[in-house]
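Nothing here was measured: the structure is a model prediction, and the numbers come from that model.
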Amino acid sequence: MSKEEKEQKRKPKYGMFSCVRYIYRILWENQRFLVFVGLAVVPLSLLAAALGLYVSPAIINAIGSYSDFGYIALVVAGMVLARAIVDSANKMLQGIVSYAEIDVMNILNYKWTSVYRTADWYLNYDVHYNEVSERANTAIRDHSHATHFPMIFAETVGEVLKFFLFGATVSMLHPAILVILLIGAVVNRRMSNWQWRKHYQERDERNAAERRRNYIVFHIAKNLGYQKEIRLFNMAEPLHRRFSAQIDASLNLQKKHERRGVLVSLVDFLIVLLRDGTAYTFLIYKALLGEVDAAGFVLYFSAISSLAGLLGGIAWKFQQVKEGSAQISDLRELLEYEGRLNHGEGIPVPRKPFSIEFKNVTFKYPKGEKNVLENVSFKVEAGEKIALVGLNGAGKTTLVMIMCGLILPDEGEVLLDGHTLFEYNRDEMYSLFGIIPQKYNLLPVSLEKNIACTVNEDEIDRGRLERAVELSGFKEKADSLPMGLKTPLDRVINDDAVELSGGEKQKLLLARLIYKSPLCMILDEPTAALDPIAEDKMYRRYNEISKNSTSVFISHRLASTRFCDRIFLLDGADFAEVGTHDELMAKGGKYRELFDVQSRYYQEEGAQNG
């Protein structure tokens, strides 16, 4: 079955009434008052409709039946007062409903963000998970149907009860009138259903178009990190063309939706014209025959008008309820999405440096053309210091992400201290690792809080902090700042913030790693932005930095890995060579070839500088 055919068959996982129970259960657990607000909407709306229907006929009937003006005035005043009280209560309730819907949005948003924060990281590469996540994101936006869903459902119940009120009144004129109005409503409902079904089936396509457009607008065009390249390489025009193409794609989808809307509106207009015209013609005919008096004429006219509008209103509200329930269903699907890692109780994690073993591990990114790793098997002994080397794109970073459970292999397994990743509690397992990644984020807080990874200053261990700053080489920079390690980062938020260079950021990340002192250290190109002097100091201190850990050092500079116990050369989705520096040089294979090329480059560069 093609992707398009699957998309056409996609339906909400949960039905409407299941979602009604779900959302009201959430309200009962979090904001019980909102449940009573929803219940109050029904009787008040019904009472307001009854007064609107019977006030005018009652006044006309009083004028025609009684000569006592005082009695007539009393009837009029009573009816008007009752209507005013109910209308005021309705307006007050609607104001409460508006605030209630904000509460609903906040509750749903909290649930969505909680799942997003705690989801297994590998799910970011799961195509189905990303589609579910995008649909759920639609449900928690400010003007989504899901945020209005509880109150709209209550209003829909009220509309259905009004139908029985107005329907009973109209059937007193003639049951056929009610049948005609119902047939017209059914046809309109079928058309609305068709429109909604098409709209729902195209949701993933719209989300994808919006994601691409927002990426260009917010991630590239408004991100200062891209501005130099955009200007220096004259990328503004190509980006504008790309953005225009994405806008056109979004507009084409919107126009398709609007064309269906115009068609549905045209059919609705023709049906209303035929349906209501027939009902009013019959009422006028009865009035001309003298079978309906003035009070009855006003009553029936009001009932037909109200019922005709009500049937359209019920269809519209039911459409909103259906859309809201679909969005709640999408959100529930995300909330119930289970990752493969263990979030429950696991076996005790190691308390000392541990071994890491890959057994026949194969991995390919979802949209990749070939395996990044294929049938990879190796073992790092407890406390061993290894180096992963290879050309850019060889899969070194992917391998260590699998090693610490951020990505899961397609085939094979990873063992930590002889046990699979799934046997440990996920968060306890993550605590075993510390990493200096190539792509990183620093928090808009002080330097010391960035190193200790905390927002609470009282939680910082000063002794560990001083050692981490000293060993990482960051002390000189910290001492040069007036506020020292209390200096904040990010000038967008903090006026007194400092902007660090690339090398200073890598020293800060190294300090963060040393402060955590994990049982397994992973350093992914940790010296890429360091000057030669700082790089040499880092190498000399590496044994002290990693003395109580199993460590993995990733680099494409082969000369920087001599201090490691073993070197793994990754090439062609597997290890081409494994051994110490001297062993690999003596072997005269791929490692020797790459090492000689790099050495020759540095020798030539040194000769030129000399």
For this session: Could you tell me how the ring of Phe354 sits relative to the ring of Phe433: parallel (under 30°), tilted (30 to 60°) or perpendicular (over 60°)?
Result: perpendicular
Problem set entry | Whether Ser377 side chain and Lys359 backbone form a donor-acceptor pair below 3.5 Å | no
Problem set entry | Short side-chain donor-acceptor distance under 3.5 Å, Tyr365 and Thr398 | yes
Problem set entry | Test item: Asn342 side-chain N/O and Gly344 main-chain N/O as donor-acceptor pair under 3.5 Å | yes
Seminar exercise, completed: Residues Leu331 and Ala136: closest non-hydrogen pair is CA-CB, 3.9 Å
Exercise. Is a salt bridge present between Glu504 and Lys477, judged by a nitrogen-to-oxygen distance below 4.0 Å?
Worked result: yes
Problem set entry | Any side-chain donor near an acceptor of the partner, Gln438 and Thr397, under 3.5 Å | yes
Exercise. In terms of heavy-atom contacts, does CD of Glu338 have more than 12 from other residues, nucleotides or ligands at under 6.0 Å?
Worked result: no
Exercise. Does some side-chain heavy atom of Met585 sit less than 4.5 Å from a side-chain heavy atom of Asp582?
Worked result: no
For this session: In plain terms, say whether Lys486 and Glu457 are close enough for a salt bridge, that is, a side-chain N and a carboxylate O under 4.0 Å apart.
Result: yes
Problem set entry | Glu345 CD: over 12 foreign heavy atoms closer than 6.0 Å | no
Problem set entry | Residue pair Thr454 / Glu459: nearest heavy atoms and the distance that separates them | OG1-OE1, 2.7 Å
For this session: Keeping the roles fixed (side chain from Tyr515, backbone from Leu510), state whether a donor-acceptor pair exists under 3.5 Å.
Result: no
Exercise. Do side-chain atoms of Thr113 reach the backbone of Tyr110 as a donor and acceptor pair under 3.5 angstrom?
Worked result: yes
Problem set entry | Minimal non-hydrogen separation, Leu123 against Ala119, with atom names | CD1-CB, 4.2 Å
Exercise. Side chain of Glu333, backbone of Asp330: donor and acceptor closer than 3.5 Å?
Worked result: no
Exercise. Partners of Glu411 by side chain to side chain contact (heavy atoms under 4.5 Å, CB included), sequence neighbours excluded?
Worked result: Thr362
Exercise. Is a side-chain donor or acceptor of Asn137 paired with a backbone partner of Ser133 at a separation under 3.5 angstrom?
Worked result: no
Exercise. If we only count heavy atoms from C-beta on, is the Ile451 to Val469 side-chain gap below 4.5 Å?
Worked result: yes
For this session: Check whether any side-chain heavy atom of Val127 lies under 4.5 Å from a side-chain heavy atom of Glu131, and answer yes or no.
Result: yes
Problem set entry | Side-chain heavy-atom pair Val498, Leu481 within 4.5 angstrom cut-off | yes
For this session: Decide yes or no for Leu334 and Tyr129: does some side-chain heavy atom of the first lie under 4.5 Å from some side-chain heavy atom of the second?
Result: yes
Problem set entry | Residue Phe563 excluded, over 12 heavy atoms near CZ under 6.0 Å | yes
Exercise. Around atom CZ of Arg351, are there more than 12 heavy atoms of other residues, nucleotides or ligands at under 6.0 Å?
Worked result: no
For this session: Step through the shown structure and confirm whether more than 12 heavy atoms of other residues, nucleotides or ligands are within 6.0 Å of CD on Glu476.
Result: no
Exercise. Quick one: does Glu470's side chain have a donor or acceptor within less than 3.5 Å of a partner on Arg467's backbone?
Worked result: no
For this session: Check the pair Lys364, Glu374 against salt bridge (charged side-chain N to carboxylate O under 4.0 Å, His left out), reporting the backbone distance first and the verdict last.
Result: CA-CA 9 Å; Lys364 181 177 74 173; Glu374 188 167 356; over 6 Å; no
For this session: Kindly indicate whether the side chain of Val578, heavy atoms from C-beta on, has any atom under 4.5 Å from the side chain of Leu569.
Result: no
Exercise. Any side-chain heavy atom of Val389 sitting closer than 4.5 Å to one from Phe568?
Worked result: no
Exercise. After noting the C-alpha distance and the side-chain angles of Arg462 and Glu448, does the key distance pass the salt bridge (charged side-chain N to carboxylate O under 4.0 Å, His left out) rule?
Worked result: CA-CA 9 Å; Arg462 295 294 164 181; Glu448 61 183 11; 2.6 Å; yes
Exercise. Using 4.0 Å as the upper bound for N to carboxylate O, is an ion pair formed by Arg426 and Asp120?
Worked result: yes
Exercise. Which class fits the ring pair Tyr125 and Trp121: parallel under 30°, tilted 30 to 60°, perpendicular over 60°?
Worked result: perpendicular
Exercise. Do Leu523 and Leu513 have side-chain heavy atoms sitting under 4.5 Å apart?
Worked result: yes
For this session: List the steps and the verdict of ring pair (Phe, Tyr, Trp, His ring centres under 6.0 Å) for Phe422 and Tyr424.
Result: CA-CA 6 Å; Phe422 308 105; Tyr424 298 103; over 10 Å; no
Exercise. Taking everything shown except Lys516 itself, do over 12 heavy atoms lie less than 6.0 Å from its NZ?
Worked result: yes
Exercise. Under 3.5 Å, is there a donor-acceptor pair between the side chain of Glu577 and the main chain of Lys590?
Worked result: yes
